[in-house]
Amino acid sequence: MHKHQLKTLLNFNGLSLRLIARWSLSGIFLLAAGFAGADCVNSIYPKSAAPELLATADGVLSLRKAEATASQEGGGALCALQLQDLAQLYFWGSQRVTPAVSANLSASYQYALESRRTGHWPFDLRLLRAIYVLAGLDASYSPEEALRQFQREIDSGESLRRDKATAVLNQLANLRPNLSLSGNEPYSDRRLSRAMSNIESAVMLTRDNGRIRLLVVDQQGQPQLAWARQASKQQATDGSPPKVFLQRLPPTGANGAQDSRQQVWQLPRSVPHAGILISRFRQRDGSSYESRCTANPISAGWLISAAHCLFAPDGSQNLLSLRYVASPLQSGALSEIGAAWLHVMHDPHDQITGNVGRYSGSDIALFKLKLPLVEGEVSRLAAPQSRELATWADSFAYPSDKTENTLWLSRCRASLWQPGGVAFSDLYSLDCLSHEGQSGAALLQNIAGESYIVGILSSRISNKEINQPIFTALNAALIADIGLLIAGDGNKTANFRRYAIEHNLAEANSEFLP
């Protein structure tokens with residue numbers, strides 16, 4: 001019996017595959033010898049069990065190059081994994097490359113359809129498939145089943161599964177118009193017979209037979225399907241960014257602080273940006289110390305954060321450098337701080353003496369950037385909604401007990417803990433856990449459908465009466481002075497004083513700079 005071998009290189013759906021053909025009198029056998037295309041072996045998007053969610057900038061660039069090449073060649077040169085990656089890329093978009101990739105749900109769906117080489121949906125696109133169903137692009141199963149898939153992830157007991165599922169839902173909210181609930185009462189059934197109450201926000205999914213299908217968020221932060229009567233286009237879509245936070249909240253009536261933090265891979269468009277304020281000090285013993293706080297832009301040129309971020313733990317005021325990272329999730333460049341203003345009553349030694357009312361009641365500072373940010377919308381500022389009842393408040397921060405430069409969302413109940421009187425701010429306690437790095441984060445509340453900054457996370461108080469984080473609340477006088485600072489009238493402010501960081505930075509020894 002004579003046997004022969006023939007080695008050939010085939011191209012199958014854009015995938016270079018080396019085959020060895022061996023034949024004999026009894027037949028022909030094809031043996032796969034290996035893949036020759038690295039892009040068709042590994043996805044640029046992390047697996048579902050990985051802590052990452054989004055692709056790296058290098059991965060996005062390589063994928064876009066492959067997409068452009070395939071387009072020039074008339075299509076057909078992309079393998080299944082590349083098509084899956086493109087489905088994810090156009091769902092999430094990407095700000096990590098220039099020019100940025102805009103999210104496009106229809107384009108995402110088309111690439112997902114093309115990736116089904118065997119007719120089955122890829123495992124890594126299972127949640128995106130549920131999104132396509134919710135959005136009315138795919139009708140392979142019911143929207144109720146699609147939402148149940150997300151609910152199973154949220155209720156799985158695994159924080160990573162919960163966080164990734166809610167991230168997908170939040171992105172859907174970014175891609176669909178926000179519904180004005182004024183005159184559009186939501187119902188829990190298609191027949192519009194059971195009205196829903198206590199709905200925080202609603203996103204329009206589809207229009208059909210005079211009805212609108214909605215994704216709504218209840219007071220517990222849980223996603224639900226709802227329906228409403230179809231209104232005029234102007235009434236149904238108010239054009240504002242969606243105010244949707246989908247997360248599993250602590251149980252009602254929780255006593256003490258709980259760790260309810262949820263990872264965020266992309267900051268929702270409806271909230272102020274959050275960056276990292278990096279301070280370097282020379283302490284009294286001659287050693288250097290680095291402090292990292294969260295800071296929020298309140299205009300193109302100004303940040304708001306905690307006053308204690310200007311001081312070393314030992315109370316030293318020997319500041320060596322002060323910089324701001326506007327986009328930590330994208331490895332953003334450092335921005336220099338040109339000036340700082342802090343509350344007139346803030347004294348770092350109050351921390352040593354344990355005078356919480358004075359220390360945290362004045363723990364607020366404003367920072368002026370040397371160069372304004374490219375994107376710098378003015379943030380809305382307000383006093384907390386209620387001093388009598390516990391109300392929900394959100395914060396986005398970069399805690400130091402998590403992977404560096406990862407963003408985490410906390411939704412907590414805020415309760416008045418100590419009135420501030422005339423000279424100091426009211427202090428509110430929170431029923432959720434905080435850690436180093438979260439200091440300075442803005443506390444956000446939804447007021448009349450808009451997100452407002454109502455305070456600044458100060459410190460964690462632990463004594464016989466309380467073991468919870470507290471935040472320094474804004475009030476009318478502070479908000480008025482902040483407006484004066486932004487307008488360039490700092491000499492007219494009564495509640496802030498300029499902190500002489502220029503002298504300290506000029507005297508800093510270069511060997512201590514990061």
Side-chain angles (χ1 to χ4, degrees), residues 12-15 35 37-97 99-141 143 145-147 149-150 153 160-161 163-176 203 205-206 215 246 265-266 329:
F12 178 72
N13 288 329
L15 174 62
F35 295 100
D39 290 340
C40 293
V41 178
N42 298 310
S43 171
I44 69 167
Y45 279 87
K47 296 296 182 183
S48 57
E52 297 82 15
L53 177 69
L54 305 176
T56 63
D58 289 343
V60 172
L61 287 172
S62 67
L63 183 62
R64 298 216 70 190
K65 182 178 179 180
E67 180 189 27
T69 301
S71 177
Q72 293 170 2
E73 296 177 355
L78 294 170
C79 67
L81 278 178
Q82 289 174 317
L83 292 167
Q84 292 175 39
D85 282 339
L86 285 166
Q88 295 221 56
L89 174 62
Y90 282 100
F91 177 73
W92 294 108
S94 179
Q95 301 297 317
R96 302 186 178 197
V97 297
V101 181
S102 298
N104 185 316
L105 192 57
S106 296
S108 173
Y109 180 56
Q110 291 304 314
Y111 275 122
L113 288 179
E114 292 181 42
S115 73
R116 301 183 307 157
R117 295 302 196 199
T118 62
H120 298 290
W121 281 87
F123 177 79
D124 287 333
L125 295 187
R126 67 195 187 284
L127 288 183
L128 288 196
R129 183 188 183 188
I131 288 294
Y132 304 143
V133 172
L134 289 174
L137 298 174
D138 190 273
S140 55
Y141 53 82
E145 173 56 29
L147 191 60
Q149 290 195 34
F150 284 101
E153 295 297 301
L160 184 62
R161 290 176 61 185
D163 293 353
K164 286 195 171 184
T166 52
V168 173
L169 286 171
N170 274 318
Q171 180 64 1
L172 173 63
N174 280 331
L175 297 176
R176 278 294 190 248
V203 174
L205 297 175
T206 63
L215 179 66
L246 302 169
W265 290 269
Q266 288 190 157
L329 298 177

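Please read these numbers as outputs of a predicted model, since none were measured by experiment.
For S108, the side chain to side chain donor-acceptor pair (under 3.5 Å) partners at least two apart in sequence or on another chain are Y132. Every residue meeting the salt bridge (charged side-chain N to carboxylate O under 4.0 Å, His left out) condition with D124, not counting sequence neighbours, appears here in chain and number order: K47. Considering only residues two or more places apart in sequence or on other chains, A103 meets the side chain to side chain contact (heavy atoms under 4.5 Å, CB included) condition with Q171, L175. Under the side chain to side chain contact (heavy atoms under 4.5 Å, CB included) criterion, S140 pairs with R129, V133, D138, sequence neighbours left out. Considering only residues two or more places apart in sequence or on other chains, R161 meets the salt bridge (charged side-chain N to carboxylate O under 4.0 Å, His left out) condition with E153, E158. For L113, the side chain to side chain contact (heavy atoms under 4.5 Å, CB included) partners are Y109, Q110, R116, W121, not counting sequence neighbours. By the ring-ring contact (aromatic ring centres under 6.0 Å, His included) test, Y111 is found to be paired with Y90, residues two or more places apart in sequence or in another chain being considered. For S48, the side chain to side chain contact (heavy atoms under 4.5 Å, CB included) criterion is met by F123, R126, not counting sequence neighbours.
Contact of the F150 side chain with the L127 side chain is registered, since non-hydrogen atoms from C-beta on lie closer than 4.5 Å. The side-chain heavy atoms of R64 and L89, taken from C-beta on, include a pair separated by under 4.5 Å. In this structure, the side chains of C79 and Q82 come closer than 4.5 Å at one or more pairs of heavy atoms. Side-chain contact between Y45 and W92 is present, with at least one heavy-atom pair separated by less than 4.5 Å.
Atom CD in Q149 sits 10.0 Å away from atom CD1 in I131 (nearest 0.5 Å). Within the model, atoms CG of L128 and CG of L137 stand 11.5 Å from one another, a figure rounded to the nearest 0.5 Å. The distance from the CG atom of L169 to the CG atom of N174 is 11.5 Å, given to the nearest 0.5 Å.
Between F91 and L172, the shortest heavy-atom distance links the atoms CZ-N, 4.2 Å. Between A135 and R176, the closest heavy-atom pair is O-NH2, 3.3 Å. The nearest pair of heavy atoms linking D85 to I44 is OD2-N, 3.0 Å. The heavy-atom pair separating L329 from W265 by the smallest distance is CD1-O, 3.4 Å.
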> Does the side chain to side chain contact (heavy atoms under 4.5 Å, CB included) test come out yes or no for N42 and L81, once each step is laid out?
Replying inline: CA-CA 7 Å; N42 298 310; L81 278 178; 5.9 Å; no
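A side-chain donor-acceptor contact under 3.5 Å links S115 to the backbone of A112. The backbone N or O of T69 sits nowhere less than 3.5 Å from a side-chain atom of Q72 that would complete a donor-acceptor pair.
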Got a list of side-chain donor-acceptor pairs under 3.5 Å for residues 49-61, not counting sequence neighbours?
residue	atom	partner	partner atom	Å
T56	OG1	G59	N	3.1

